[in-house]
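I have placed the structure first, in the form of structure tokens, so that the comments after it can refer back to it.
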Amino acid sequence: MKVLAICHHAGSGISVIYERIIGELCRYAEVDVLADYTPDIQGVRNTYTHQFSKQQRKWTRKLLHWFGVLPIVEKWSRQAVTLVADDYDIVMGFMASSQLMPMVCGRYIAQKLNCKFGIYAVDAIPGPGGWTKPHEYRSKLKAIRNYYQYADYVASSNPHMLDFQLTTFSHKPGLQTGVLLTPSPDEEFVAPPSTENILLYTGSLYGKRNPNHIFKAFKRLLATYPDAQFIMIGLKIKLRKAEKHLSASEREHIQILKPTNNLAPLFARAKVLIDIDADLDTDPFLSSKIVSYLKVNRVILSETGTHSPSRDMFRGLETIIQCNHNADSLYEGLIKAMNMADSNPDFSERNDVIQQFSIKTVGRKLADDLQKLLG
């Protein structure tokens with residue numbers, strides 16, 4: 001099986017997701033990569049690089065926003081195809097909401113080579129349920145319909161997201177689909193129980209993720225645990241977000257620290273890990289934070305909607321306490337989490353879920369899906 005994987009430099013952790021999945025796919029297929037940067041992926045046969053300039057990015061965003069078209073990316077694709085020196089069984093675009101190039105280029109090259117065309121997106125495109133402004137939603141929807149309709153294989157990063165994505169385009173006859181979960185980090189973190197009453201939230205808060213409910217719950221928690229601390233890492237918000245709900249003395253219990261790649265010392269101090277999903281009852285996004293938290297021997301408190309990937313995938317796990325988007329539910333969850341953390345909980349209950357998110361499982365799933373597609 002010969003595969004051409006197309007990806008776009010995404011920054012942050014998104015490119016790492018693509019690279020890990022493509023690297024694992026190399027165990028089962030002959031894989032070449034076409035990208036606008038030079039990815040570091042072990043096992044790839046050939047890497048073809050075609051730059052996408054800042055100016056091109058700028059005008060691509062503008063034309064997509066104004067008209068829902070991607071002519072600059074189409075021109076880039078016509079140039080990039082000249083670099084490819086082989087025939088393939090399938091061309092696979094790896095993309096996110098902010099990087100549509102792999103979809104456009106994948107469709108163009110698959111058509112040129114008369115081979116199968118697949119798309120894997122880590123995001124729902126366009127983001128539904130308040131994640132995307134109405135005009136942007138319509139523009140992206142118009143754009144993706146022009147390309148997704150030619151796909152032979154479509155995959156998303158959780159079942160809710162796939163269900164949504166399949167409503168956004170007309171399906172090619174015989175379309176095959178798959179769920180490729182965002183792989184968890186390889187690292188496992190095990191430490192003795194913490195003696196400090198610390199809540200820890202890592203990552204940013206953006207879009208529909210709303211800290212107000214957890215701030216209200218934390219205010220009540222301080223009455224029971226006056227020494228409690230809430231450490232938040234890498235946020236794009238300031239403490240003024242807490243001013244509506246917490247007094248000056250209560251805000252002294254909150255620390256907002258700069259982003260760091262070394263979370264181990266903070267995991268060791270934390271008693272409870274906090275995850276916050278979009279403030280919506282129905283949402284297709286699964287937080288990358290909770291996937292990372294799974295392999296940390298700490299109780300997780302998840303603020304999530306009633307119809308969310310987290311709600312379904314982690315239902316029944318006692319060490320992941322699921323709460324609604326309101327202060328009462330979160331306060332009760334925090335009390336339960338603090339008590340549980342002090343009672344030596346059995347984190348081995350997560351082993352089956354952890355296995356589902358392992359890179360070996362995800363890579364094998366993609367290889368199996370593509371083999372099935374090719375008959």
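Since this is a predicted model, take the numbers as computed values, not measurements. Side chains are part of it too, since the values below use all heavy atoms of this structure and drop only hydrogens, waters and symmetry mates. Numbering of residues begins at 1 and proceeds along the displayed sequence.
The side chain to side chain donor-acceptor pair (under 3.5 Å) analysis of residues 327-337, with sequence neighbours excluded, yields the pairs Arg220-Asp328, Thr224-Tyr331. Among residue pairs with one or both ends in residues 87-96, those qualifying as side chain to side chain donor-acceptor pair (under 3.5 Å) are Asp32-Tyr88; sequence neighbours excluded. Counting only residues at least two apart or on different chains, no side chain to side chain donor-acceptor pair (under 3.5 Å) pair has a member in residues 256-265. Applying the side chain to side chain donor-acceptor pair (under 3.5 Å) test to pairs two or more places apart or on separate chains, those with a residue in residues 58-78 are Glu74-Tyr147.
Partners of Lys295 according to the salt bridge (charged side-chain N to carboxylate O under 4.0 Å, His left out) rule, which considers only residues two or more places apart in sequence or in another chain, do not exist here. With sequence neighbours left out, Asp277 forms a side-chain hydrogen bond (donor to acceptor under 3.5 Å, both in side chains) with Thr304, Ser310. In this structure, the salt bridge (charged side-chain N to carboxylate O under 4.0 Å, His left out) partners of Asp186, at least two apart in sequence or on a different chain, are Arg20. Residues meeting the side-chain contact (heavy atoms from CB on, under 4.5 Å) test with Asn344, sequence neighbours left out: none. Looking at residues two or more places apart in sequence or on another chain, you find no side-chain contact (heavy atoms from CB on, under 4.5 Å) involving Pro193. Every salt bridge (charged side-chain N to carboxylate O under 4.0 Å, His left out) that Glu136 has, sequence neighbours left out, goes to Lys140. Arg57 pairs by the salt bridge (charged side-chain N to carboxylate O under 4.0 Å, His left out) definition with Asp36, not counting sequence neighbours.
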Residues 102-124 side chain polar contacts: donor-acceptor under 3.5 Å, at least two apart:
residue: Tyr120; atom: OH; partner: Leu180; partner atom: O; Å: 3.1
residue: Asp123; atom: OD2; partner: Ser97; partner atom: N; Å: 2.9

